[in-house]
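None of the values given here were measured: they were computed from a predicted structure. In each ligand, atom 1 is the first atom listed, and ligand 1 is the first ligand listed.
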Amino acid sequence: MLSSVQIQPFFDEATNTVTYLVSDPATRQAAVVDPVLDYEHGSGKASTGSADRVLAAAREAGITVVLVLETHAHADHLSAAPYLKQRTGAQIAIGEHIRDVQTIFCPVFNLDDVSGNGSEFDRLLRDGESFPLGALTVEVLHTPGHTPACVCYRIGDAVFVGDTLFMPDYGCARADFPGGSARQLYRSIQRLLALPPQTRLFMCHDYKTPGRDTYAWETTVEQQRMHNIHVHEGVTESEFIAMRERRDATLAAPTLLLPSIQVNIRAGHLPEAESNGVRYLKIPLRLADPAQAGEVQSA
Ligand SMILES: [Fe+2]
C-alpha cells in the first residue's frame, strides 16, 4: 500500500547534503531528516540559512516539525538539529549505536563532556522499532557499515538511506571510518535491496558523476539493484569488500571530518564557550615525527 507521505528535499551545495522535510498530510506533523548547519571552515563562521529555509517551508505549509531524524553522525557537515529543536521543540533521534561512535571518538578528541551513553539525543532508536509521525509510521532499519550507528528510516513507500547508498551511477559510501566495515555495509545494502522494487530511496548526498550535470537524490530499489555501479545484483560480498577497501584506500579525509564528528556526536550541540565567550573546535594534531612532538613541547 502506498503511503501519502509528503517529501520536500533541500539540497545544500556546500556539503552536497540533502535535508528532507517529511510530513503527514493528515495531521501536518513532520520530521526533518539530516538538517545542515552552515559552516565555513576557513573562518569558523556558522549560520542557519539552510535550516531556516526548511523552517520557512514548514511554516508556509502549516506543518509542525516534531522530530529531527539523524541517519548517523555525519562526517561532512555539522548538524542543525539543536537549532531546529530550539525553534520547534522537535525531539532529536538517532540510532542507539551512536553510543559506540561516541566511545570511539571521545578519546580521539579528548572530550570529557560527551556522555558515551547517547544522552545528548532525545531518542535512541533500535533496529526494527516503529513509532508514529502523525498518522504515518516510521520504521527504523539499523544499517551499519559506513558507521556503526547508521540507520535508515522507512516511512510509507519511502526510505531515507543516509550514506548507505548513493545514486546508482555513484555507488555507495566509504566504509573506512573508525568502526566502519565493508562487510557490514554490503549486508546492510542487501537488506535495503530486499525491499519491494518500487520502494523509493532518498539519498543523503549527491556529487553528480561524469556525464551527469544535475544533482539527483531519489531512486528506487529496482534501479539500485539493476544499476548501482558498486553493488548491483550479482556483485558478491567478497567482490564488494575487495572493491570497497581498494577504493577507500585512495580517498582523502572529508574536509569537515574533524569539526563535524566532534559536534555531531554531541547531537549537533556546539562546545561550551570558554572564559572569553568564544566556542572552540578541537583539531588533534598528528605529528609525523615523534621528535617534533618533543620539540614542540619544549619550545
Ligand atoms: Fe556519512
Show your reasoning for whether ring-ring contact (aromatic ring centres under 6.0 Å, His included) applies to Y207 and Y215.
CA-CA 7 Å; Y207 305 94; Y215 290 111; 8.6 Å; no

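Using a distance-only test at 3.5 Å, with no hydrogens or angles considered, no donor-acceptor pair links the side chain of R154 to the main chain of V159.
Distances from the Fe ion (ligand 1) to each N, O or S atom of H72 single out NE2 as the nearest. The atom of D163 nearest to the Fe ion (ligand 1) is OD2, with the search restricted to N, O or S atoms. Per residue H146, closest N, O or S atom to the Fe ion (ligand 1): atom name NE2.
Figure legend: cation-pi geometry between K45 and Y39 absent, as NZ or CZ is not positioned both under 6.0 Å from the six-membered ring centre and within 45° of its axis.
Surrounding CD of E272 are at most 12 heavy atoms belonging to other residues, nucleotides or ligands under 6.0 Å away.
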